[in-house]
Protein chains: 2
Amino acid sequence: MSLRYAILGLLSKEPATGYSVTREFKYRITHFWSAHHTQIYRELVKMEAEGLVRSKTIRQSDFPDKKVYAVEEKGMTLLLHWLLQTPEKKETLSMKDPRLLRVSLLHLIDIDQSMAYLASYRDQHKSAQKEIKEWQSVHLESLNNEQFGEYLTSEFAIRYMEMWSDWCEWATSVLKEYKKKGDLNETQHVESDGS
Amino acid sequence: MSLRYAILGLLSKEPATGYSVTREFKYRITHFWSAHHTQIYRELVKMEAEGLVRSKTIRQSDFPDKKVYAVEEKGMTLLLHWLLQTPEKKETLSMKDPRLLRVSLLHLIDIDQSMAYLASYRDQHKSAQKEIKEWQSVHLESLNNEQFGEYLTSEFAIRYMEMWSDWCEWATSVLKEYKKKGDLNETQHVESDGS
DNA sequence: TGACACATGTAATAAGTTACATGATTAT
DNA sequence: ATAATCATGTAACTTATTACATGTGTCA
């Protein structure tokens, strides 16, 4: 139920279309929020029905019409209320990372395969980090108050990516050692002494 | 659609009940997977209908009956297939962290409030890290092949928590400085020079 | 000619959450 | 008594994803 807060948060900075909200989620704040475009369009319609936002259809000659949404007072009040409420009931984090799921089961597959995955995960995060840094240097040259939160969260993202790639390298080195010793994916029966 | 892989992964280590699967998700692999108990029960029923797992009802004298699920060959094949398929289509990560959402909008609220949030987030991750370390020392004393993946992912979790609390401290110090300078949450109108 | 970016959406399905229900035992 | 843990589930609901649809302009 906090998709709407994410949307309101974006709209509070400047009015936007469903399309541009989707784009922002996709290219900028993937590290803490994501949503599918159909979901965003539907939510925006619902929010307008509830009087939280208001749309204005802009006619364009070179492109199809677009609907620009802006936050209404009621929406701003709701957003502020959410921001201020003490998060007693632990907010649903719902981490669901299939990559880590895979790693947790790596004893079931080939060790070289596992290392290949780790290498690609590492590259993914390295390049993601690079992108964020580039985004920072473009959008966060001169900080104003509105951008301050984004400065903090983009720094979070950089550290997160750093942590990921460091961990990948660490895990790879650990796997390499185990491979040398032949502990993994080999003769698993020698360990069970009796059962 | 990868909830079933998470469940199959747990069952592949040892047969379990819906209840214990829920418990494992909750206390052990929260950092990369989570699911509600009703969802797990439903999924298990569906999976049994599809022949991926098989249940056995165990009568208990002191407790109500329980249904222990074990992976069938078909389920194991499916799991292995999923593990081996190259993840070309970027797997849906769907990060949804309301805490970071809040931080990204911290210019809308009081700066002391923001710092209070950061402090509690820091504590949360500190204690979560402690719990994982304790879990490690209990469950990962002598590593066998099956536990190897969990060793890697629990190390990930520890680093993740470390990163989080470090970032909280960094963000707090940055906010402190800004507070001194009075840049945030004060006289935002002085900046706009003309518009 | 086909793909891609712009821009918006419907319909169908899958996934996830909340509220509620049952019924025993153990701890406070 | 009351709450908590064990153990399983149904029903109702909300949220999220996929497939599909439409239509224009630009680029290779």
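Reckoned from all heavy atoms, side chains included, excluding hydrogens, waters and symmetry mates. Every chain is numbered from 1 and lettered A, B, ... according to where its sequence line falls, protein lines coming before strand lines.
- For B/Arg54 and B/Tyr69, the positive end is not near the middle of the six-membered ring at less than 6.0 Å and at most 45° from its axis.
- Taking atom NE2 of residue B/His36 and atom P of nucleotide C/dC20, one finds them 13 Å apart after rounding to whole Å.
- The aromatic rings of A/Phe156 and B/Trp167 sit perpendicular, their planes meeting at an angle over 60°, well past the 30° parallel limit.
- In this structure, NE2 of A/His37 is placed 10 Å from C1' of C/dA7, rounded to the nearest angstrom.
- A cation-pi arrangement, defined by a distance under 6.0 Å to the six-membered ring centre and an angle within 45 degrees of its axis, is present between A/Arg102 and A/Tyr117.
- In terms of position along DNA chain D, the nucleotide closest to B/Val68 lies nearer the 5' end than the nucleotide closest to the other residue of the pair A/Ala35 and B/Val68.
- When rounded to the nearest whole Å, the span between NZ of A/Lys67 and C1' of C/dC6 equals 16 Å.
- Shown for residues 6-22 of chain A: no residue has heavy atoms falling under 4.0 angstrom of DNA chain D.
- A donor atom on one side chain and an acceptor atom on the other are not found under 3.5 Å apart for B/Glu150 and A/Ser104.
- Judged purely by atom type and a 3.5 angstrom limit, B/Lys26 has no side-chain atom pairing as donor or acceptor with the backbone of B/Ser34.
- Contacts of B/Asp123 classified as side-chain hydrogen bond (donor to acceptor under 3.5 Å, both in side chains), with partners at least two apart in sequence or in another chain: none.
- In this structure, B/Arg4 fails the cation-pi test against B/Trp82, since its NZ or CZ atom is not both closer than 6.0 Å to the six-membered ring centre and inside 45 degrees of the ring normal.
- Computed from coordinates, the A/Ile58 CD1 to C/dA7 P distance equals 11 Å when rounded to whole Å.
- In this structure, A/Arg59 places its CZ atom 17 Å from C1' of C/dC6, rounding to the nearest Å.
- The terminal axes of the helix from C/dT1-D/dA28 to C/dT28-D/dA1, fitted over 5 pairs per end, subtend an angle of 30° to the nearest 10°.
- Residues of residues 39-47 of chain A that place a heavy atom closer than 4.0 Å to DNA chain D, in numerical order, are A/Gln39, A/Arg42, A/Lys46.
- Atom NZ in A/Lys26 sits about 17 Å away from atom P in D/dA16, given to the nearest Å.
- Atoms NZ (B/Lys66) and C1' (C/dA24) sit 15 Å apart, rounded to a whole Å.
- With D/dT8, C/dT17, D/dT17 as the choices, the nucleotide that has an atom nearest any side-chain atom of B/Thr38 turns out to be C/dT17.
- Rounded to an integer number of Å, the gap from CG of B/Leu3 to C1' of C/dT13 is 16 Å.
- A/Tyr27 shares a hydrophobic cluster with no other residue; no ILVMFWY side chain has heavy atoms under 4.5 Å from its own.
- In this view, B/Ser55 and B/Glu48 satisfy the side-chain hydrogen bond (donor to acceptor under 3.5 Å, both in side chains) rule, not counting sequence neighbours.
- A sub-4.0 Å separation between OP1 or OP2 of C/dA15 and a side-chain N or O of A/Lys96 is absent.
- For the pair B/Arg159 and A/Trp170, the cation sits on the ring face: its NZ or CZ lies under 6.0 Å from the ring centre, inside 45° of the axis.
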